[in-house]
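A short worksheet on the structure shown next.
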Amino acid sequence: MAGSSGGASGAVPEYEVPELHTRVFHVGSFGALWKRSLPGAELAVQGAAAEDGAAAVAEELGCGLETAAELRAVCSIDMLKSPDKEEDPEIISEDSSLVTLRIRKKALERREETIIVDRTCRQETFTYEMESHAIGKRPKDPADLIEEGELFLTLNIFYPVIFQKHKDHKPYQTVLVLGSQKLTELRDSISCVSDLQMGGEFSSHPDQAPEHISKDLYKSAFFYFEGIFYNDRRHSECRDLSRTIIEWSESHDRGYGNLQTAKMEDYTFNDLSIKVGFPYLFCHQGDCEHIIIITDIRLVHQDDCLDRTLYPLQIKKHWLWTRKCFVCKMYTARWVTNEDSLAPEDPCFFCDVCFRMLHYDAEGNKLGEFLAYPYVDPGTFN
Amino acid sequence: MSCASGLQADCEALLSSFQETDNVRFEVFSGLWRDRRFHTIFHGQTRPLEKNKFTQKVLDLAWRYFLPPYTFQIRVGALYLLYGLYSTQLCKPKQKIRIALKEWLEVQRFQQDLINAQHYDAAYIFRKLRLDKAFHFTAMPRLLCFRTKKKVRETELKEEFKELSNRVSKLITNDVLEEMMNVHDHYQKMKCLISTDGSQPDKALSLIKDEFVINIKNMILEYQQWQQDKMKSSSKAKDSDEMTDKREGGTSQDSEGSERANALAKIKYKSYNAVAEASKSRRHRQVKLESSESGSDQGKMKTPRCKRSRERSQLTQKRNSLETKDRRQAIKKEAVTRNRRMPVIAEENSSEEDLPCPKRKRTR
């Protein structure tokens with residue numbers, strides 16, 4: 001492995017702060033280093049199982065054919081299984097000497113004593129299903145198959161909510177992106193309620209509300225990685241959101257060095273130089289700020305979801321509490337009213353049906369005095 | 001004892017009995033594995049998420065023994081352990097072993113060593129793992145999330161598995177000795193040249209002992225021998241210590257660093273050892289004695305270990321029981337609050353939509 005020493009050593013991720021984050025390295029060259037270190041068969045994502053004949057073993061290990069055949073028998077996984085009895089993997093046997101099992105058994109017994117409903121917590125089921133829903137998927141169109149040697153980046157994208165209850169544990173979603181994908185592909189996949197907000201008061205014409213979603217009105221956004229602002233400039237109405245920050249930093253020589261700008265649509269993740277484990281930023285809607293942490297980068301594996309079209313792939317999201325309609329207490333709120341003569345409190349939340357039933361007559365005429373605003377619940381994406 | 005430390009105890013017990021055999025054959029390892037029925041370590045888990053997490057954890061733990069500074073034998077043992085764990089795991093698809101790029105060089109060197117030393121079984125197994133695509137080739141050994149996750153304290157792995165760090169032998173290697181010999185020869189010749197005799201240096205120039213290189217070598221060998229003997233005798237002493245101290249149970253050889261921890265554990269054990277009988281009115285709340293070391297069985301725990309501790313425990317019985325109760329309740333409460341992680345957004349109007357996680361009193 002002469003190639004990895006010397007010049008390319010900058011692409012081998014090393015800790016900068018132990019257990020916290022790495023030094024800066026170039027994602028593309030890191031991937032190239034791995035690819036160079038591994039034989040093609042190990043990179044392959046398509047299922048052709050490598051030949052495991054005695055001849056291949058003998059050649060690779062430099063031993064005789066007989067030895068190779070013998071190895072196969074001696075090292076078989078059956079050697080690790082107890083031949084005596086067939087056992088149920090859901091049951092812990094009584095006579096086990098393993099400490100782990102004794103601890104688990106005790107925990108299970110405690111659970112048995114205290115549990116009310118015997119089923120897996122639905123939060124846990126949800127987490128598991130999010131994690132595994134795409135595993136092993138293959139594309140219908142072979143052109144969408146992910147190539148071997150492709151990089152997977154795991155990103156934690158935090159919600160900008162700063163509620164007291166999230167003081168210790170900030171909610172986030174986790175997405176997988178491919179090294180060859182553009183930053184804009186990630187940008188388009190991030191779902192955030194601030195994109196769906198509708199500005200304005202609609203009490204006199206509630207049907208017009210959905211036409212004014214912030215996403216369509218304000219398209220600017222940027223990612224910030226290692227001193228560079230990657231601005232979304234795909235649309236003519238996009239503004240350079242980073243300009244204010246750069247001007248602020250330069251105006252008083254605040255010690256932030258040279259902040260640069262680039263176009264988001266020109267860069268793929270392979271082009272970036274980043275630190276794994278270090279917090280970066282995504283900002284949209286002017287001031288809706290999401291912390292982004294790249295927690296992991298690895299080569300694609302044949303057990304992964306290999307359908308390129310499914311990426312960026314969401315594998316974890318936080319289940320946010322939704323605010324319910326005050327009338328039916330069942331559906332998620334769609335409207336919020338102020339100074340409402342018909343409501344018991346201010347502000348008051350309604351689902352669409354209850355809102356219209358209460359505030360308008362059969363012809364759609366407004367009843368009573370109130371201000372109505374469309375409301376987008378943070379739990380919309382649950 | 002948490003699940004993680006139990007896992008570590010199990011893996012270390014297996015590896016150290018493998019170490020005792022002084023052998024790197026897979027047959028030997030698989031015998032030890034079968035004796036322990038080690039594949040049952042995955043049994044008793046019904047929830048898939050739990051299964052995945054546990055498997056990841058145990059693979060990560062085993063992987064750590066596979067890298068330096070552990071001795072060759074432990075590393076081979078760790079390779080077998082990884083192979084066993086990977087192949088017998090119950091997850092579908094199988095959880096993978098993570099290799100970081102910076103570890104790869106070391107791994108390849110190890111594989112080459114195996115082949116060169118003709119440890120074909122180990123080399124075959126490593127090859128098989130690679131063919132089975134048991135690895136994820138990653139940037140770093142673990143996922144890094146800055147400070148957003150609670151910090152998991154890294155437990156120290158067993159000291160005895162590590163290669164003897166020997167600064168003396170690191171400093172004076174064969175090469176150095178050879179070089180010294182050459183320099184010495186050269187020096188000797190120079191002295192001969194300037195001497196009147198020509199074949200032998202002058203007495204006045206004889207400032208150094210002739211066999212000093214050999215002397216150094218002998219001293220080093222002696223030192224290494226002494227060090228090995230010391231290691232052996234100290235571990236023996238520790239073994240016999242523990243024979244008298246049955247309570248330590250599972251762990252056979254504790255590292256020196258954990259002596260303090262053991263002392264602390266003993267103190268704790270004493271104070272949790274006794275429970276006062278509750279008064280009549282509170283009989284339903286009688287504190288049950290439960291061991292904090294889930295490893296040992298309950299019956300044994302109830303009999304005080306020695307006379308002295310019994311006396312002491314009687315003296316402090318009352319206070320201890322109170323403490324124990326308090327602590328147990330505190331722990332319960334903590335567990336309750338921690339479990340209630342239902343997401344809530346009721347910040348702006350918490351008045352009408354009461355937080356659904358009030359400090360609910362535990363009813364029992």
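Residue numbering restarts at 1 for every chain, and letters A, B, ... go by the order of the sequence lines. In this text, all values refer to a predicted model and were calculated from it rather than measured experimentally.
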Self-check item: Check against side chain to side chain contact (heavy atoms under 4.5 Å, CB included), Glu50(B) and Tyr128(A)
Solution: CA-CA 9 Å; Glu50(B) 181 196 28; Tyr128(A) 176 71; over 6 Å; no
Exercise. Against chain A, label Arg98(B) side chain, backbone, both or neither, depending on which of its atoms sit under 4.5 Å from a heavy atom there.
Key: side chain
Quiz item: How far does CD of Gln95(B) sit from CG of Asp303(A), to the nearest 0.5 angstrom?
Solution: 10.0 Å
Exercise. Give a yes or no on whether the backbone of Val99(A) and the side-chain of Asp10(B) come within a donor-acceptor separation of less than 3.5 Å.
Key: yes
Practice problem: Go through Phe54(B) and Thr100(A) one step at a time and tell me if the side chain to side chain contact (heavy atoms under 4.5 Å, CB included) criterion holds. | Solution: CA-CA 11 Å; Phe54(B) 177 81; Thr100(A) 316; 3.9 Å; yes
Quiz item: Taking atom CG of Asn156(A) and atom CG of Leu143(B), what is their separation to the nearest 0.5 Å?
Solution: 8.0 Å
Exercise. Name the region of Thr174(A), side chain, backbone, both or neither, that has any atom closer than 4.5 Å to a heavy atom of chain B.
Key: neither
Practice problem: For His136(B) and His301(A), indicate whether the former's side chain and the latter's backbone hold a donor-acceptor pair under 3.5 Å. | Solution: no
Quiz prompt | Stepwise side chain to side chain contact (heavy atoms under 4.5 Å, CB included) check, Leu144(B) with Phe278(A) | solution = CA-CA 8 Å; Leu144(B) 303 175; Phe278(A) 200 75; over 6 Å; no
Quiz item: Would you call Ser37(A) and Gln108(B) a side-chain contact if the rule is heavy atoms closer than 4.5 Å?
Solution: no
Practice problem: Pick one of side chain, backbone, both or neither for Phe152(A), based on which atoms fall under 4.5 Å of a heavy atom in chain B. | Solution: neither
Quiz item: When only pairs under 4.5 Å are counted, which of Leu114(B), Ile115(B), Thr40(B), Leu32(B) shares the most heavy-atom pairs with chain A?
Solution: Thr40(B)
Quiz item: Counting heavy atoms not belonging to Lys53(B), are there more than 12 under 6.0 Å from its NZ?
Solution: no
Quiz prompt | Portion of Phe42(B) that has a non-hydrogen atom of chain A nearer than 4.5 angstrom | solution = backbone
Self-check item: Choice from Lys105(A), Glu70(A), His21(A) maximising heavy atom contacts with chain B below 4.5 Å
Solution: His21(A)
Quiz item: What are the two closest heavy atoms between Pro39(A) and Arg130(B), and how far apart are they?
Solution: CD-NH2, 3.5 Å
Exercise. Check whether Ile135(A) gets within reach of chain B through its side chain, its backbone, both or neither, counting any heavy atom under 4.5 Å.
Key: side chain
Exercise. Hey, could you give me the NZ/CG distance between Lys96(B) and Asp304(A), rounded to the nearest 0.5 Å?
Key: 7.5 Å
Quiz prompt | Structural part of Ile99(B) lying under 4.5 Å from a heavy atom of chain A | solution = both
Quiz item: Given the options Ala139(B), Pro141(B), Gly31(B), Pro93(B), which has more heavy-atom pairs under 4.5 Å with chain A than any of the others?
Solution: Ala139(B)
Exercise. Starting at CG of Leu101(B), measure out to CZ of Arg298(A) and round the result to the nearest 0.5 Å.
Key: 15.0 Å
Quiz prompt | OG1 on Thr295(A) to CZ on Arg142(B), rounded to 0.5 Å | solution = 14.0 Å
Self-check item: Which portion of Phe38(B) sits near chain A, non-hydrogen atoms under 4.5 angstrom
Solution: both
Practice problem: Can you see which heavy atom on Ile77(A) is nearest to which on Gly84(B), and at what distance? | Solution: CD1-CA, 4.5 Å
Exercise. Tell me, for Ile294(A) versus chain B, whether the close heavy atoms (under 4.5 Å) come from the side chain, the backbone, both or neither.
Key: backbone
Quiz item: Which atoms of Ile125(B) come close to chain A, meaning under 4.5 Å heavy atom to heavy atom: side chain ones, backbone ones, both, or neither?
Solution: side chain
Quiz prompt | Pairs of heavy atoms under 4.5 Å with chain B: top-ranked of Cys75(A), Pro344(A), Pro279(A), Gly136(A) | solution = Cys75(A)
Quiz item: Is chain A contacted by the side chain of Asp35(B), its backbone, both, or neither, given a heavy-atom distance below 4.5 Å?
Solution: neither
Quiz item: Quick one: NZ on Lys275(A) to CZ on Phe146(B), what's the gap to the nearest 0.5 Å?
Solution: 9.0 Å
Self-check item: Residue, of Thr67(A), Leu108(A), Leu38(A), that accumulates the most heavy atom pairs under 4.5 Å with chain B
Solution: Leu38(A)
Quiz prompt | Nearest heavy-atom neighbours spanning Arg104(A) and Gly44(B) | solution = CD-O, 3.9 Å
Quiz prompt | Under 4.5 Å from any heavy atom of chain B - which part of Glu131(A) | solution = side chain
Self-check item: Under 4.5 Å from any heavy atom of chain A - which part of Ile41(B)
Solution: both
Quiz prompt | Among Leu98(A), Ile297(A), Leu299(A), residue most engaged with chain B (heavy-atom pairs, under 4.5 Å) | solution = Leu98(A)
